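This one's a predicted model, so the numbers in the text were calculated from it and none came from an experiment. Note that ligands are numbered from 1 as they come in the structure, with each ligand's atoms numbered from 1 the same way.
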Amino acid sequence: MYLYNSATRKKEEFTTHTPGHVEMYTCGPTVYHYAHIGNLRSYIMEDVLEKYLRFAGYDVNRVMNITDVGHLASDADTGEDKMLKGAKREHKTVMEIAKFYTDAFFEDCEKLNIKTPDVVEPATNCIDEYIKIVSTLIEKGRAYVAGGNVYFDTSTLDRYYIFNDHDEEDLAVGVREGVEEDLNKRNKNDFVLWFTKSKFEDQALKWDSPWGVGYPGWHIECTGISLKHNGEYLDLHCGGIDNAFPHHTNEIAQSEAYLGHPWCKQWFHVHHLNTGSGKMSKSKGEFLTISLLEEKGYDPLSYRFFCLQSHYRKALVFSWENLTNAQGAYQKLIRRIAALDPGDGDTDAAVVEDYKEKFLAQVGNDLNTSMGVTLLYDVLKAPANGATRLAVLDELDQVLSLSLLTKAAALRQAEAARSTASGADGCVITGEGDPAVDAMVLARWHAKKAKNFQEADRIRDELKAMGVEVTDTREGAAWRRV
Ligand code: AMP
Ligand code: ZN
């Protein structure tokens, strides 16, 4: 596979520390609110990447953190704690908020066919790990205590701006954020590893540490969790593009200072989902959720399809019109798959293999998911029997996860189930495929025709009690479950 590496700013051949095995880390959600569909764009693309690697034969260990402590409202070391803000808003404890929104996040993931990572670790579970790393960094002279907090000393680094060529002045916290600079810092890019003092209202969750009772900074959690579950050599680190600076930059600084050797090889950043008025953002409070899409009648998998149609390194503009178009195209695709006959011939394994190779090559060019989607249409047109084309689609869907075969089978079944029963006198009953109900509806129709209204009403009441609604049609009657 060839993948763009944000650290080298080049498309490179994907390699791993241990051949055939990928250690993969994903920055997880900050659980103070629902995930918005922008966040979920990142998780969809990372899910496809993981599944692609497995499909290509790698064995993958994927780790994700849950940020339930320490992420401040600004991405710099300023502002209130996001979890505390969420708890205040909803009059709940921080842990209640974390549990509620973690569950909500995984429910959304399930609706979008996003696989749960092998390891999911809440940040509050690994306090000992952070304390160990921070103590070592102080011992090594890479971190210092000032004003009650522990800071990483960025002046000890050979290179700080890993991902971009930002002008140092532009990124100076005080200038960029328009906030008061933290005077405890020796250098303006230094960042907090452990807080015991904050000029904002204090975190509710605190732990004992060699530097006093306090809580970890945001960046240290990803280093701690990754070292615990991925080991010392990470192959692939993922996140949205806004995580690149300062979060990932700081992760690299502290991890390599702690380990004393290079840490992560490959950095994968998903660009943003934007609305007409700019980036969709949780902290701005205006955002779209998967539940809202469902309420408006969209299938969550139409949103997945929408995301797969564009490249992860391009900003994606969301509009209802774009989503409606994607939903139309997705439903049409399912209808075309449903029209394939599973009983048409034997599966030709050579054809399946051929398409697998094509898919690996095309999607393997920097995770080109839209080429993967295009290939689905090529398969539909392929000169192969129904069973073979369905087998190919099933294979490719292991990576794309659009539920192609299950949705097509359900559609086929629903169509077949649009049963009809007819009486000797030419009356036609259409329904949802239950011969017993068909027979009752037919009996009601005959009773009505014979002017036996008492019997007709009795049957209608019985059907109603079974949750079946009957309407008269020109040829007879139709029924559906309500
Ligand atoms: P958070 O819950 O804010 O920590 O963000 C979870 C993930 O979503 C991170 O990887 C972010 O980089 C990513 N993210 C945040 N906003 C967007 C957006 N508008 N589009 C795509 N990804 C985003
Ligand atoms: Zn992270």
key: Any His269 heavy atom less than 4.0 Å from ligand 1   = no
Trace of the side-chain hydrogen bond (donor to acceptor under 3.5 Å, both in side chains) decision for Tyr298 with Thr324 = CA-CA 8 Å; Tyr298 293 95; Thr324 304; 2.8 Å; yes
ask   = If you measure every N/O of Ile241 against every N/O of ligand 1, is any gap under 3.5 Å?
value = no
inquiry  = His271 versus ligand 1: do any nitrogen or oxygen atoms come within less than 3.5 Å of each other?
reply    = no
request  = Compute whether any side-chain donor of one residue and acceptor of the other, for Asp182 and Tyr151, lie under 3.5 angstrom apart.
outcome  = yes
key: Arg62-Thr26 side chain donor-acceptor pair, cut-off 3.5 Å   = yes
inquiry  = Using heavy-atom distances only, which candidate in Tyr43, Tyr34, Trp218 approaches atom 7 (C) of ligand 1 most closely?
reply    = Tyr43
inquiry  = Using a 4.0 Å cutoff against the non-hydrogen atoms of Pro29, which atoms of ligand 1 qualify?
reply    = 2 (O)
inquiry  = Let's test this: below 2.8 Å, count the protein N/O/S atoms around the Zn ion (ligand 2).
reply    = 3
message = Can you see whether Phe100 has Lys92 sitting over its ring - NZ or CZ less than 6.0 Å from the centre and within 45° of the normal?
response = yes
key: No-hydrogen, no-angle side-chain donor-acceptor test under 3.5 Å, Thr369 and Gln309   = no
query = Charged N to carboxylate O under 4.0 angstrom, Arg54 versus Asp118?
reply = yes
request  = Could you tell me whether some N/O pair between Val270 and ligand 1 is separated by less than 3.5 angstrom?
outcome  = no
request  = Enumerate the atoms of ligand 1 whose separation from the nearest heavy atom of Leu273 is less than 4.0 angstrom.
outcome  = 18 (C), 19 (N), 20 (N), 21 (C)
query = With only distance considered, is Thr30 within less than 3.5 Å of ligand 1 through an N or O on each side?
reply = yes
task = Give yes or no for whether the N/O distance cutoff of 3.5 Å, strictly under, is met between Asp242 and ligand 1.
result = yes
task = Before accepting this row, confirm whether a basic side-chain N of the pair Asp128/Lys132 lies closer than 4.0 Å to the acidic partner's carboxylate O.
result = no
inquiry  = Under 4.0 Å from a heavy atom of Ser42: which atoms of ligand 1 are those, numbered in the order shown and with their elements?
reply    = 13 (C), 21 (C), 22 (N), 23 (C)
query = Do Ile252 and Trp267 come close enough that some side-chain heavy atom pair is under 4.5 Å?
reply = yes
inquiry  = Which label fits Trp218 and His247: parallel for a plane angle under 30°, tilted from 30 to 60°, or perpendicular past 60°?
reply    = parallel
task = Answer with yes or no whether Thr67 contacts ligand 1, where contact means a heavy atom under 4.0 Å from a ligand atom.
result = no
request  = Name the orientation class of the two ring planes belonging to Phe306 and Tyr303 (parallel below 30°, tilted from 30 to 60°, perpendicular beyond 60°).
outcome  = tilted
ask   = Between His269 and His248, what is the ring plane arrangement, given parallel below 30°, perpendicular above 60°, and tilted in between?
value = parallel
message = Assess, by modelled atom type and distance only, whether the side chains of His17 and Asp235 contain a donor and an acceptor separated by less than 3.5 Å.
response = no
key: Geometric N/O contact Glu46 with ligand 1, under 3.5 angstrom   = no
